[in-house]
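These notes concern the structure reproduced below.
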Amino acid sequence: MAAPVLVTSALPYANGSIHLGHMLEYIQTDILVRFLKMTGQDVVYMCADDTHGTPIEVNAWRAGVTPEEYIAPFYVEHQRDFADFSVAFDCFYTTNSPENQYHSETIFERLREQGHIVTRPVTQYYCEQDARYLPDRFIRGTCPSCKAAEQYGDVCEVCGTTYSPTDLSDAHCVLCGAEPVMRESVHYFFTMSAYEGFLRDWVGTPGRVQPEVRRFLETWINEGLRDWDVSRDGPYFGFKIPGEEDKYFYVWLDAPIGYIATTQKFCADTGRDFDAYWHNPEATIYHVVGKDITYFHALFWPAMLHGAGYTLPKKVLVHGFLTVNGEKMSKTRGTFITARTYLDHLAPQYLRYYYAAKLNGRVDDLDLNLEEFVHRVDAELVNKIANLVSRVVPFVNRHFEGRLGELDASVKPLIDNIRARVPRVRESYERMEFNRAVQEIVAIAEVGNKYFQDAAPWELVKEDPQAAQAVCTFAVNCCRTVAALIKPVLPKYAADVEAILRVEPLLFDDTARFDLEAHEIGAFERLIERVDAKQVSAMVAASKDNLDAIPASPMAQPVEALEPQIDIDAFSRVDLRVATVLQAETVEGADRLLRLNVDIGNEQRTIFAGIRQSYAPDDLVGKQVIVVANLQPRKMRFGVSEGMLLAAGPDGTDVVVAEFAQPRQPGQRIR
RNA sequence: GGCGGUGUAGCUCAGCUGGUUAGAGCAUGCGGCUCAUAUCCGCAGUGUCCGGGGUUCAAGUCCCUGCACCGCCA
């Protein structure tokens, strides 16, 4: 028996809802898995919720629940979202499992036995009030470079400078506002440098990763592999390091091990042999991951597996991010669309088709252009692919009582034409160039449509019913081939066609057969609805409406500590005015700034606002906003800013400007 | 700042190791058909292949350089 194949998608973090960016990965992996299964390979698809780490621990703590209670609803929600998109895992598990603990400890111990785990003291910020060490994201302070206030511990959102938290002036804990102290702690490190030679070989082996990914990894290896800190101090949600009181495995150590633990669970449930996957050099393991986690999957992970004696992946397939209408998904634009919001408005098959039609197997970002989405689904999926079935099946039922005849010898060249395309589809699926596969499949549907058009059975049936029946017989065979070829992308569509044509579940070998003759087919049923652009707008509108309901992005923002009390006089010294935006324009050379010209009653002011990533200039013109009118003018590189706009948001990419629901006269004071 | 990727028709993209006149689909225009619960079939136009240098008999393709956009920096 051939060695088994195991495919994984990256584990979704149990800290938020699945969105269409996640779905890009799960859908493409699911298509690959379904294709491999259709070709008769012994394939399983493994995934799990990624449950550990600081963000979940802190969010649970803030919500007043245990981490276990916090992650539980996401486990249910994620599985429902995937199932509704026909993403069919053979097992979907969780990293917070005994199996995962066992394998995490085993791998750690084996690496330690080989001397590849070392301890070393680390000096870190520590909040005495919260009694915890503070990761970079939990410290804010003033940027050492541009003096912007309230910047994270690792990078300034205003000027883009990267630094360490110790460089900040007035650093403070985002949880309580207290000033952190420095404290030393012993951490465990995985000595990556010991694996340099191994990784160079692994990365350099053709087929392991895409060429552009290989170049990317090689630069890292060439710069020298740094040891990796794999431990965290408590409080932490994760697995305790054996022999330690309050130290835990870093989430990135146990997350990929979730692939192994899930397989263990799957094997226990199904009676399959675990070692055939993870202790078998012949086993084929594929990981599909987003480009942001390439490093973990193509360097740390193979090194860990190699050191601990587990099966190495054959391939790590890296894909890009999803953009919507050419831009990063944005909550204010309504393009941060969750899987559930999509499902509330649109059929999952549309998205599966659209993604497949655009996936090219490379690391490029994929743009979901909503206008194109409507067009492609209607023009290709509905008008070409499904329409062929709709032309021929009712025709056969009406004129021949659902019975097919024999294929006419004259269609031989057409069959050859289609058969020549099938291997190209197969190869495209194998290479994850689903766009080429879809292109060929549409072309085959066109062959069928054109043949049906030219042969005009609706005319032929009047004089030579048998000839007309032969025409239909070929067209039905085309329908079957198309359905079989598109089945990995559209399992539901294929199943519906199987039912209508009364054929057994289609396998890839059925695609080139053309032997459906003297067969009785069933009644036609509507296969797929046209996309209504209104549904798309409704989905976008709902994504805006959902803003409050969505627990802010994967990494929830901690709430800033309150400022010290002030008296009413202190407040009244802040002169807030109603202002109407007269002009808004981008500032050349500044990624984040917009230059605004506003009317504050008696005068006009020029204000620079760091909201470019959230607002297009045209969105602002005519809006009434709140301006701090007596703020000292500030000289900037691009001019003088004569005031400040009130706005709220966690960072520069997701800001909402405060405005009025009813018109106000410019210049009115706000108290 | 360092590194990587991308830049081809209005839009989305093909163009493999350099080799005729740069392609497809969508969109647009024109024509035909009517079996189709979903309209299909044919014909047609369009390009500083991001800019500038270079290598070559030959460059969208290779090299250098500049610009723009995107990403990564553990």
Side-chain angles (χ1 to χ4, degrees), chain A residues 136 145 154-155 159-163 189-190 192 210-230 250 252 290-300 318 320-321 323 325-328 354 357-360 362-369 371-399 428 431 433 435-436 438-440 442-443 445-462 468 471-472 475 479 523-531 588 591:
Chain A
D136 294 348
S145 173
D154 51 355
V155 61
C159 69
T161 307
T162 56
Y163 42 73
F189 287 80
F190 176 43
M192 285 290 287
Q210 295 108 304
E212 65 264 44
V213 176
R214 195 187 68 229
R215 282 193 289 277
F216 179 59
L217 293 169
E218 279 168 351
T219 61
W220 253 323
I221 298 176
N222 291 339
E223 282 170 12
L225 295 163
R226 283 187 239 164
D227 292 347
W228 182 35
D229 185 350
V230 295
Y250 176 41
W252 264 110
K291 60 185 180 181
D292 53 326
I293 54 176
T294 303
Y295 190 85
F296 293 99
H297 281 83
L299 294 178
F300 286 143
V318 181
F321 292 151
T323 57
N325 291 339
E327 292 171 317
K328 218 195 271 191
Y354 182 83
K358 298 197 72 167
L359 280 163
N360 59 13
R362 299 204 295 173
V363 193
D364 309 348
D365 288 350
L366 185 146
D367 185 42
L368 166 57
N369 180 298
E371 224 169 291
E372 187 203 14
F373 169 82
V374 175
H375 271 124
R376 277 198 96 140
V377 170
D378 284 349
E380 296 173 17
L381 183 54
V382 180
N383 293 350
K384 289 261 164 58
I385 293 176
N387 184 44
L388 180 60
V389 186
S390 167
R391 300 175 84 168
V392 62
V393 169
F395 196 91
V396 170
N397 280 313
R398 197 175 316 128
H399 295 282
S428 301
R431 297 163 68 161
E433 294 171 358
N435 59 338
R436 287 167 186 272
V438 167
Q439 199 182 319
E440 286 291 348
V442 173
E446 276 171 6
V447 170
N449 269 312
K450 179 165 161 44
Y451 172 75
F452 203 73
Q453 182 79 19
D454 294 345
W458 53 90
E459 290 293 335
L460 204 54
V461 74
K462 295 170 191 161
V471 168
C472 294
C479 292
F524 180 74
E525 274 180 50
R526 202 171 170 85
L527 286 162
I528 190 156
E529 296 300 325
R530 222 156 227 296
V531 192
E588 203 163 324
D591 294 345

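By convention in this document, chain letters (A, B, ...) are assigned in the order of the sequence lines, proteins followed by strands, and residues within each chain are numbered from 1. This structure is a prediction, so every number in the text was calculated from the model and none was measured.
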Tabulated below should be each protein N or O lying under 3.5 Å from an N or O of nucleotides 43-45 of chain B; please produce it.
none

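- Trp458(A) has its CH2 atom 13 Å from the P atom of rC40(B), to the nearest Å.
- Note that CZ of Phe373(A) is 13.0 Å distant from CG of Asp367(A), once rounded to the nearest 0.5 Å.
- Look at the C1' atom in both rU34(B) and rG42(B): the space between them is 15 Å, to the nearest Å.
- Searching all strands for a Watson-Crick or G-U wobble partner of rC69(B) with both distances below 3.5 Å returns rG5(B).
- Look at CG on Asp365(A): it is 13 Å from C1' on rG4(B), rounded to the nearest Å.
- rG25(B) sits 28 Å from rG18(B) when the P atoms are compared, rounded to a whole Å.
- The distance between atom CZ of Arg530(A) and atom C1' of rA36(B), rounded to the nearest whole Å, is 12 Å.
- Side chain Ser390(A) to base rA38(B): a donor-acceptor pair is found below 3.5 Å.
- Figure legend. rC49(B) is base-paired to no nucleotide; pairs are counted as Watson-Crick or G-U wobble with both atom distances under 3.5 Å.
- Leu527(A) comes within 4.0 angstrom of a nucleotide base, judged by non-hydrogen atoms across all strands.
- Remark: rU28(B) base-pairs with rA44(B). Criterion, Watson-Crick or G-U wobble with two distances under 3.5 Å.
- For Glu433(A), the salt bridge (Lys or Arg N to Asp or Glu O under 4.0 Å) partners are Arg431(A), Arg436(A), not counting sequence neighbours.
- Heavy-atom nearest nucleotides on RNA chain B were determined for Phe321(A) and for Asn369(A), and the one closer to the 5' end corresponds to Asn369(A).
- Nucleotide rC57(B): paired with rG19(B) (Watson-Crick or G-U wobble, both distances less than 3.5 Å).
- Across all strands shown, Phe296(A) has no heavy atoms under 4.0 Å from either base or sugar-phosphate atoms.
- The side chain of Glu459(A) lies closest to rU34(B), out of rU34(B), rC70(B), rA36(B).
- Straight-line distance between the C1' atoms of rU61(B) and rU8(B): roughly 11 Å, to the nearest whole Å.
- Residues Arg530(A) and Asp378(A) are in side-chain contact: their nearest non-hydrogen atoms beyond the backbone lie under 4.5 Å apart.
- Here the P atom of nucleotide rC11(B) and the CG atom of Leu368(A) are 18 Å apart, to the nearest Å.
- Considering Ile293(A), Leu217(A), Val213(A) in turn, Val213(A) is the only one that fulfils the side chain to side chain contact (heavy atoms under 4.5 Å, CB included) rule with Val318(A).
- Computed from coordinates, the Ile221(A) CD1 to rG4(B) P distance equals 14 Å when rounded to whole Å.
- Whole-Å rounding puts the Lys450(A) NZ to rC35(B) P distance at 19 Å.
- Here the side chains of Val442(A) and Ile385(A) are in contact, with some heavy-atom distance below 4.5 Å.
- In this structure, Leu299(A) reaches neither bases nor backbone, as no heavy-atom distance under 4.0 Å exists between it and the strands shown.
- Taking atom C1' in both rG7(B) and rG52(B), the straight-line distance is 16 Å, to the nearest Å.
- Here rU37(B) sits opposite no nucleotide as a Watson-Crick or G-U wobble pair (both hydrogen-bonding atom distances under 3.5 Å).
- For the pair Leu460(A) CG and rC35(B) C1', the interatomic distance rounds to 12 Å; values are reported in whole Å.
- Residues Arg376(A) and Leu381(A) form no side-chain contact, since every pair of their non-hydrogen atoms from C-beta on lies 4.5 Å or further apart.
- Counting heavy atoms from C-beta outward, Val230(A) and Trp252(A) have side chains that stay 4.5 Å or more apart.
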Footprint string (nucleotides 23-31 of chain B, 5' to 3'): B base within contact, S backbone only, - free, heavy atoms under 4.0 Å: --SS-----
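- Only the C1' atoms considered, rC33(B) is 46 Å distant from rC69(B), to the nearest whole Å.
- Picking from rA38(B), rA14(B), rC70(B) the nucleotide with the shortest atom distance to the side chain of Val382(A) gives rA38(B).
- Applying the 4.0 Å criterion to OP1 and OP2 of rG71(B), one finds that Arg362(A) has every side-chain N and O outside that range.
- Residues His399(A) and Asp292(A) each lie close to RNA chain B; by heavy-atom proximity, the contact nearer the 5' end of the strand is made by His399(A).
- Nucleotide rU37(B) holds its C1' atom 5 Å from the CZ atom of Arg526(A), rounded to whole Å.
- Nucleotides rA9(B) and rC41(B) are separated by 24 Å at their C1' atoms, to the nearest Å.
- A distance of about 32 Å separates the P atoms of rG45(B) and rG53(B), rounded to the whole Å.
- At a threshold of 4.0 angstrom between heavy atoms, the contacts of Asn360(A) are confined to the sugar-phosphate backbone, with no base atom among them.
- With hydrogens and angles left out, the side chain of Glu371(A) and the base of rC11(B) share no donor-acceptor pair within 3.5 Å.
- Side-chain contact between Ser390(A) and Leu527(A) is absent, with no heavy atoms from C-beta onward closer than 4.5 Å.
- A distance of about 15 Å separates the P atoms of rG15(B) and rG23(B), rounded to the whole Å.
- By the 5.5 Å and 30° criteria, Phe395(A) is not stacked with the base of rC35(B).
- In terms of polar N and O atoms assigned as donor or acceptor, the side chain of Asn387(A) comes within less than 3.5 Å of the base of rA36(B) in a complementary pairing.
- For Trp458(A) and Phe395(A), the ring centers sit 6.0 Å or farther from each other.
- A donor-acceptor pair under 3.5 Å is formed between the side chain of Asn369(A) and the backbone N or O of Glu372(A).
- When the shell of 6.0 Å around CD of Glu371(A) is examined, it contains 12 or fewer heavy atoms from other residues, nucleotides or ligands.
- In terms of modelled atom types and a separation under 3.5 Å, the side chain of Asn449(A) and the main chain of Lys384(A) share a donor-acceptor contact.
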